[in-house]
Structures are given as structure tokens and as C-alpha cells.
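Before any comments, here is the structure.
Only heavy atoms go into these numbers, but all of them, side chains included; no hydrogens, no water, no symmetry mates. Order of the sequence lines fixes the chain letters, A, B, ..., with proteins taken first and strands second; residue numbering starts at 1 for each chain.
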Amino acid sequence: MNAFDLGEFEKEAQEQWTHAFESNPSKLEKCYLTVAYPYPSGAMHVGHGRTYIVPDVIARFWRMRGKQVLYPMAFHVTGAPVIGISKRIANKDPKTINLYRDLYKVPQNVLDEFADPLTIVRHFASEYQRVMTACGISIDWRRRFTTVDPTYSRFIEWQWKHLYEAGHVIKGAHPVRYCTVDDNPVGDHDLLEGDTAEVIRFTLVMFQYSDAFIPTATLRPETIYGVTNLWANPNVTYVRALVDGSAWIISKEAAEKLALQDHTVEIKEEIAGRDLIDKMVSHPLCGNVPVLPADFVDPDMATGLVMSVPAHAPFDYIALRDLQNAGKYAYIKPVPLIRVEGYGGIPAQDAVERAGITHQMDNRMDALTQEIYSAEFSKGRLFEKYGGKPVRVARDDVAVLMIEKYGSKIMYEFDTRPVVCRCGNRVKVKILHDQWFLKYSDPEWKKQVSSHLSDMALVPPEVRLEFERTVDWLKDWACTRRVGLGTRFPWDPTQLIEPLSDSTIYMAYYTIAHKIREIDPKLLTPEVFDYIFLGKESADLPEKKKLDSMRVEFLYWYPYNYRFSAKDLISNHLTFQLFHHVAIFPKDKLPQGMVVFGMGLLNGAKMSSSKGNVFLLEDAVRDFGADTVRMFLMGSAEPWQDFDWRNELVVSTKKQIERFFNTVIESKDAAGEPHDIDRWLLSRLQAHIERTTEALSNFQTRQALQEAYFGIDTDLKWYRRRLPENIDGSRDLHTLCSVWIRLLAPFIPFTAEHLWKKIAGEGLVSFSPWPVADKRLVNTRIELAEELLSRTVEDIESIEKLIQITPKSITISVAPAWKHEIFLQIANAHDRTTVIKEIMKDDTMRRRGREATDAAKQCTTLIHRLPPQVVESLAREPINEAQVFEAAKKFLEKEFGVLVHITDAESGKHVKAATALPFKPAIIFE
RNA sequence: GCGAGGGUAACCAAGUGGUCAACGGUGAUCGACUCAAGAUCGAUUCGCGCAGGCGUUCGCGGGUUCAAAUCCCUCCCCUCGCACCA
């Protein structure tokens, strides 16, 4: 059967591969590759395909190079997303139903089961395995697990015991975005609006108002000395509430918020905003000030009341000025308290007037506020009578003073609003207690990670800086959750370990996953894992024999050689796993390298499941064949670059595979005697082998394909052109095919497996030895001769096209010996600018005069234009050009259909002959 | 805003001082084969040129150099990350 049928090849190979990639410790050197396991909440698209195919190509490459390769896979099912999905499906949310039923093509009877979240991940996990297998990904499936397996939970508990004992896990309180309807913290992806909002810490300044307090929130407590009034919104209903037992006047919204931030709040009565206007309030640091009306005061911002510092806040300045322009409160004057370079006595006035702002609603107001805020913070200094400290110092000092002496409290609030939950409710800030953290901020821990990072191999090298910044920047990570799937947190079983935190050292678990299943989870105490992973002996270990065999696995495989993952995981997962590894494992078991992937585009637009802009991997395999999908994904971009899936390109990739297939089928039985051109072909092949090997060693899948496919294909074109008439390919083509199939086997394993059977008879190409370049077959003489010939052919073609006449004959005039001498001298010269003078010192050259200097100049230009390797070879050993052309005379005459003469330029009469240079003969049309 | 990466001909993309008018691939045009279509093969694809050449190009502008897509500076634009989420 010689037909090109990818589907047939796939069936053939799958039968032989069933258990082929199961990998056990052996005498061979190991190579352990791991990729971030998927969260199977939907169908795989071609972007996922690339994520798993890249490591597979690398795995297949190293396997052929004789290493014991481990490439395992598992499924991450802990976390909350699937819970939301199952709820939405149960509630018949049309968008979700559409996604799962129509796009992911989940059968209705399965969809009905999706009310149970675990069913969803189980369903898609088996789909993943099926499609990965269809793509030919060489995974050891015996080691498959999910993160809710009881044995895995025991492993996580063991890990956390160590983290805890090392002081990396701490308990604290923490302000979070919170939805009171869902009764849960709100993540970025759960926000309808306000995803850029940050939680800011405000100081509440407590103004005395008769028997109650009016708290105003500020970021600038030091400006208390310049307060001239408070602002209240006359159209808002405020409340009088008992907050921690004392009476506060605040907005209704504020009462609700404060109740979430460690305060007991009891609303007593409502107070109309207008009833507060013109009332006097006081604070020990600013004395008595009035409450003034302002429509801009937002009851949903902090306490709903604010203090006014017109000298330093542009908003306050304009609001006051507007009231005064209406003839009111003329007695109030801005009170400056900060001196700052670049501004006059009243900075807010200065800035507003300079910007020409006349109106409260001017959209430059925010920028102006920010400008003054920054200027005063970085360069401002309080007046002597207020202590004379720089603002950056005074701000904290005054805040502390207020909290200690004047009853101030802290209130958390967003910097921009509104912030709205997916459920439609306004998000608030809540202080969460009993929240546990991984202390990634710990400088000592960071230092260990940095130090290890500097020893790691990172691909591509540019990501190193990003990793370093991430390690610096990481803060404490909240590592427990209240909802979702996962392992219970050992010190508070009401909480779960957060899903990113349980996925940090699972690469070690793969080494034992297929064996630990045989042990009752109840027996898996921390001591058991201490033995397997750390070699710590202890009494009464169960199932010692099994443990020993797991210890052997771990010691053989670990540490992993490379971890593959998309670049968006640098700032969390990829860095987290380094923290956890350095915390748990000894130095010789720490990760050795990481490869970071780019993103996937579909026809130029970002791939996104939620937007429906995806091409399902299964459909791609069905429509184009697994090898086509693989070769396209590997060849269209290097792994770390973004790739763009476009059907038209995929179609042409399939044609390329077919061309390769046909070439091998046609050539594999060639038996002719080899000619010089065969020697050329094999010589070139050695370079392709070398460069493909180097590219794959560096994870450059695209570069490797350029060499292994297009490089060889181009050579074959020249080869066929040069083959003497009536002569078939030689038996060397068989050698070439054998090499070519193996070079392409990591990329298109199905086709390769099929062809290998045809050419080698038995054995799997997946386990056959990777080709090694044979130096003895490299023949630079022949390569140089062909280079000269093809360049000359190109020249003749371009002249022929230009002058548009059919010549009767073509004469090729090779350069005379003395020009070769000049060429050599220049090529070997250290300083090419002075070499011409050196040449002209020679008598015979000087006698040639101008002719010689011109030739020297032309040679210099030519040398710059030729590839350095060519110049180098020529300099080492010049070739006999006349001989090369004589040998190719028949070929040239066939190519151009006219008589071809070869002459020495000196003996030719034609003026053109004088232009002959080494490696660039004169061409004369007659 | 902060951090990282990037802008190359119709499109994708290689290329980090002279091998560069710029690899390779797509698309397009022409030609061969064919009754025809498809597939396949060959040629062309910045401008000019009836002799292998010249001119102008690598986000914009400026600089360094005998020589710049490549090094330096200003600016413009794009992508990714900025966390309690996989």
C-alpha cells in the first residue's frame, strides 16, 4: 500500500504504541520532561495541542538519542471554576449551555450529569486523554492521577506539614474584595466591573459633632492642620449608628461596609444630609470647622463624608471657591501647611489657576489632584509650626498619633468604583480572619529561590529577567479557600488548600503515582513520604518493599529536567513551584530548567474559549490528520513565540508531508551507482543532521523543521536537476531516506512510523537511533564546486532574462591565475584596507597597473558578498574552476539548450572576459 | 501606572555590524503537464535597467561607524503579567 492516507497511518501506529511510552528506571541516562497539567473544564483546542506537542517532540527526540524519557500527565481538578460551571448548567444559563452543548459537543445525557462538578472534570479528563493519544503524544498514562485522589491529598498534607514547620505558612487577617450575596471573596474573573480597582487603606479622622463622631476618610492625615470645613451631601440620607459602642454619623453604605471590617454596627436613626449643613464640628488638631454642602460627595465612597483642605486639594479649593462666588462663606480662607518646590503659597490654587480650570467637572481635575499629591509627597515639607517634617514622614506620624490619641480607625475602600460582582451586587471590602498565607514575602525564602534560579536553564533566555522580577515582587499568597474542590487545610479543616498552592511539587508525585495507588491512603502518613522523597528512615513504615521501589523511582527521575508552560504562568505557578521546591527538597533535587511558551492566535485573533474563538483539537486532527497538526504547530513559530492557526497554511503543511511521503516511496528502492552529485547530497545531509540536532537540543522546533524538511527538500530539487540524463537516483538516496524519516519522526511520527516499516522492515522509528552526522561524508570540495556552478547558473539566467535574446552559444571565461592570487591575498589579509598596497608592491602586479588595482577592488567587494564559509574554503584550497565547468558542460548545455564553451579569460578576445573574477567567471553570450 | 517582550516587504516570519534587496513559507501572477479542473513542477512577486548592475527600503525621527534592519538616544504603536484565579 503506497497511498498517502494519514488516517490509516494513525491507526497503524496507535496499535503499536499502546504501552510503548511507559517508562521505568533503567541503566540509561534519564530525561524527565513535564508540562503544566490541564484543568479539564472544557474541550481541548489547538492552543492546548501545541502545549503538549512541544514537549512530546522533545521527548521523542531524546528518546531516539538513547535517553530514558519520562513524559507524564495528570489532571488538575481542584478549585472553584467547575463549581460555577455546574451551577450555571443546572440553572440552564444559555451561554454556558451553548458553549458546552454546541461548541464542546457534549452529548445531552452527559450534560445532564454536569450538575455534579466532579462529573465535568472527569468527562473532560478522559476526553483530554483520548485526544492527546490521537495526537500521538507519548505519555506514560500509568502515572495519570487527579488532584482530588485521596493519595494525592495525603501527599499535599505531607508537603504542607513541612512548609508549616519551616515557617512558610502563617495565619493573618486580610482585606479582600467580598460579595455579600455570594458570601465569598471575589476574584478578578468574577468581576463584572471594576477589575482595575485596588483596595486602599484610609485613615478615618474623627470629628466631634455634639455627642457623636463624624469620621472622614483620608489618605493624607497630615493635612488635618489645614482643614477648613467638612463636606456633606445635602441630598444623601446619613445614619447615626453605634459603631463599637460609640455614636458615628456616616452614610448608610458606610455602615454596611464597616460591619465587614471588624466593627459592630448598629443603626439607630436616619439623618438627612441637609440637617448637617452649617453645623460645627471639631478636631483637636484643627479646632472648630463648619460642615458645608457639596453634591460631589459620594455616599458610596468610604464614610460618605470628607474633610476639606482647600490649600492642598484642588477639588476642595474649587468647591469652596464656587460657594464663595455665590456669596457664601466668604470668611473661610484656605490654610496652607506644606511648602513644596515649584508651587506658590497655596499649591492647589496655584495648580488650578495655572491649568486654567474654572469648573469642578473639568476632566483634568483627577490628574491635577494626582500631580499635587505626588509633588507634596516626594518633595513637600510641613511648616515649622506643624513639626517641619517631610510629608512622607509626617503622613505616617500623624496617622499613628491619630490612632493612638484621637480615636482614628482604619477603613479599607476601593480607589475606583463601582466594583460589581458577576451576580450584579456591589463588591465591598471585607477583612477576612483565619486566612492563611504562604509567606512568599520572606526575604530569606526569596533569596534561596533567586540563588537557585540563577543555576537554572531558562528557555528562551529573555524570560530570566521576568522571573527575577517576579521573585522580588511576590507578596504573601492567601493559600486557603472556603469553596471549591481540594485538600482540606490541616490546621483548619473548614478550609481548603488553594488550587495554585496544591500544584507546586506534584512533578515529584508523578515518579511514584502508578505505585502509590496500591497502598491504602490511610497508611500514607507523613513518615511514608519522608522516606520516599527525603530518605528519612522511621520505625514501622508500612509496605516497606513498595516504598523502596518508589524511592528508587524518585531517585532515578528527580529532579525534572524541564518544565514547560505558557508564559502567563511566570508570575504565579512557575515561580511558586520554585519556592516550594527549595522549601522541601535538597539541592540535588531542585528543578533544572523551564521552557516558556507563547500564546495561540486563531486567524490573527486571540484564542478564547469564552468568546468561542477556538478550533477544537479533535476537529483539527480529523480534518487534517494528527501529523499535519503537529507539523504545523511546530513549524509555524518557535515554542516561545505566539503562533497563528490559519487553515490555508495547515492545508499546505499537509501537502508538504505528502511530498515527503511520495519522495521517500519513490526513492527508497533506488539502486543506481552514485555520482559526484550523490556525494554532494550526502555531504549536505550531514550538515542538516547536525543543525537539526542542535536546533532540537535548544527546543527550536521551527528551526529544526526548516533544516530537516525544507533544507533537505531544497537539496533534492538541485539534485534532481543535476542528475545526468537517463540516470535514476543512486542507492545513496536510500541512505538519505533512512535519515530523513528519522529526522522528521519527532514531528510527524505517524507518517514516519509507516515509512520506517517500509524501509527498515521492523522495529519502531520512535525507538530507532537518531542520525549522527558522519564527518567522512562531508566533502567541501564538491560542495564548493556545486556552489560555484549554481551561482553561475543563476547569473546566466538573470542575464538571459534581461537581454531577452536567445544566444547561439555561451562562453564561460574563468579568471586568470593572477586574479586568484589577488583574491587569496585579500581573503587571507588581516587588514583588508591596506592589503591593496601590499599587493601592488609586487613587480608583476605593478606592471599590470590599473588592471590589477581594479581587480583588487572588485575582489574585495566580492569577498564581502560571498558567504564567509565559502571564502574560507577558497582561501584554504582554491578550486580548479575550468575543471568544474568542464565536468558540468553537459548539464549546462541541457539547462540552456545551447553550446557551452569554457575558456581562460586571458586567452579570450571578448571584452567581457576581462570582468572574470575568482568564483565569478565572465559570461559571454554570442 | 508598574514590570517583561516586541514592531522586517501583500501576509506569516528568519535575520543582531560587512554573507542583506534581506532565508523559508503562504497568497498572487505567468508558464509546463492536462480534453478540462485539481494535484504536481518551474518562473516572477520594492523601483529602474536589452549584461550579471544601480537606486530606495526593515514603526517615526536623530546619532555612532569606512559600513546599520542589526549599536545608542527621543517619540509612536502592539502583546503579556500585575495575584487570592486556572
Side-chain angles (χ1 to χ4, degrees), chain A residues 36-39 41 76-82 174 176-177 185-190 196 198 370 432 435 437-438 440 460 462-470 472-481 484 498-501 503 566-573 576 596 598-599 601 604 606 635-638 640-644 646 648-653 655-656 658-659 662 702-703 705-707 709-711 713-714 717 720-721 791-792 794-805 832-833 860-871 912 915 920-925:
Chain A
Y37 50 21
Y39 184 86
S41 63
H76 190 213
V77 304
T78 41
V82 82
H174 188 59
V176 295
R177 291 188 294 225
V186 183
D188 255 354
H189 58 289
D190 285 325
T196 59
E198 275 185 67
Q370 186 60 42
L432 226 51
Q435 177 63 55
F437 294 89
L438 281 161
Y440 293 146
E462 293 83 58
V463 297
R464 182 172 299 279
L465 197 57
E466 207 174 337
F467 271 107
E468 285 168 357
R469 301 276 178 175
T470 302
D472 277 352
W473 162 86
L474 272 184
K475 305 180 193 69
D476 293 345
W477 176 262
C479 60
T480 55
R481 283 303 105 85
E498 184 273 332
L500 284 187
S501 314
S503 305
K567 69 174 166 198
D568 51 354
L569 296 190
I570 292 176
S571 64
N572 47 57
H573 166 74
F576 289 5
V596 175
M599 318 294 276
L601 305 176
K606 192 160 46 167
S636 66
E638 298 295 5
W640 42 91
Q641 298 173 318
D642 296 350
F643 76 94
D644 191 3
R646 290 159 67 187
E648 67 196 35
L649 297 182
V650 181
V651 168
S652 82
T653 302
K655 288 180 197 161
Q656 286 157 356
E658 186 169 4
R659 191 155 77 224
N662 289 333
R702 182 193 142 94
Q703 181 64 34
L705 267 176
Q706 290 279 332
E707 282 298 331
Y709 181 79
F710 297 104
D713 192 49
T714 305
K717 277 179 195 165
R720 289 196 202 96
R721 196 170 167 189
R791 278 173 181 267
T792 308
E794 265 171 46
D795 273 357
I796 297 174
E797 281 173 339
S798 81
I799 295 167
E800 202 175 29
K801 196 168 339 122
L802 218 53
I803 61 177
Q804 308 244 314
I805 53 159
R832 284 177 187 165
T833 53
T860 310
T861 311
L862 183 64
I863 283 168
H864 272 152
R865 290 195 176 171
L866 288 171
Q869 310 93 282
V870 169
V871 175
K912 280 279 165 211
T915 63
K920 197 167 177 60
I923 295 156
I924 302 152
F925 279 47

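In this entry the distance linking NZ of Lys920(A) with P of rU19(B) reads 14 Å, nearest Å. Between the CG atom of Asp568(A) and the P atom of rG3(B) there is a distance of 20 Å, rounded to whole Å. What separates CG of Leu465(A) from C1' of rC82(B) is a distance of 16 Å, to the nearest Å.
In terms of position on RNA chain B, the residue among Glu638(A) and Lys655(A) whose nearest nucleotide sits closer to the 5' end is Glu638(A). A residue-by-residue look at Lys475(A) and Pro499(A) shows that Lys475(A) has its nearest nucleotide of RNA chain B further toward the 5' end.
A side-chain N or O of Gln435(A) and one of Thr480(A) form a donor-acceptor pair less than 3.5 Å apart.
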Would you give a per-nucleotide map of nucleotides 41-46 of chain B, 5' to 3', where B means the base has a protein non-hydrogen atom under 4.0 Å away, S means only the sugar-phosphate does, and - means neither? SS-S--
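Note on Ser41(A): nothing from the nucleic acid sits closer than 4.0 angstrom, heavy atoms only. At a threshold of 4.0 angstrom between heavy atoms, the contacts of His76(A) are confined to the sugar-phosphate backbone, with no base atom among them. Within 4.0 Å (heavy atoms only), Gln656(A) reaches sugar-phosphate atoms of the nucleic acid but no base atom.
For rA51(B), its base never sits under 3.5 Å from the side chain of Asp795(A) at any donor and acceptor pair.
Under the Watson-Crick and G-U wobble criteria, each requiring two contacts below 3.5 Å, nucleotide rC80(B) is paired to rG3(B).
The distance between the ring centers of Phe576(A) and Trp477(A) falls below 6.0 angstrom.
Remark: Arg702(A) CZ to Ser636(A) OG distance equals 8.0 Å, nearest 0.5 Å.
For Gln641(A) and rA14(B), the shortest distance from a side-chain N or O to OP1 or OP2 is below 4.0 Å.
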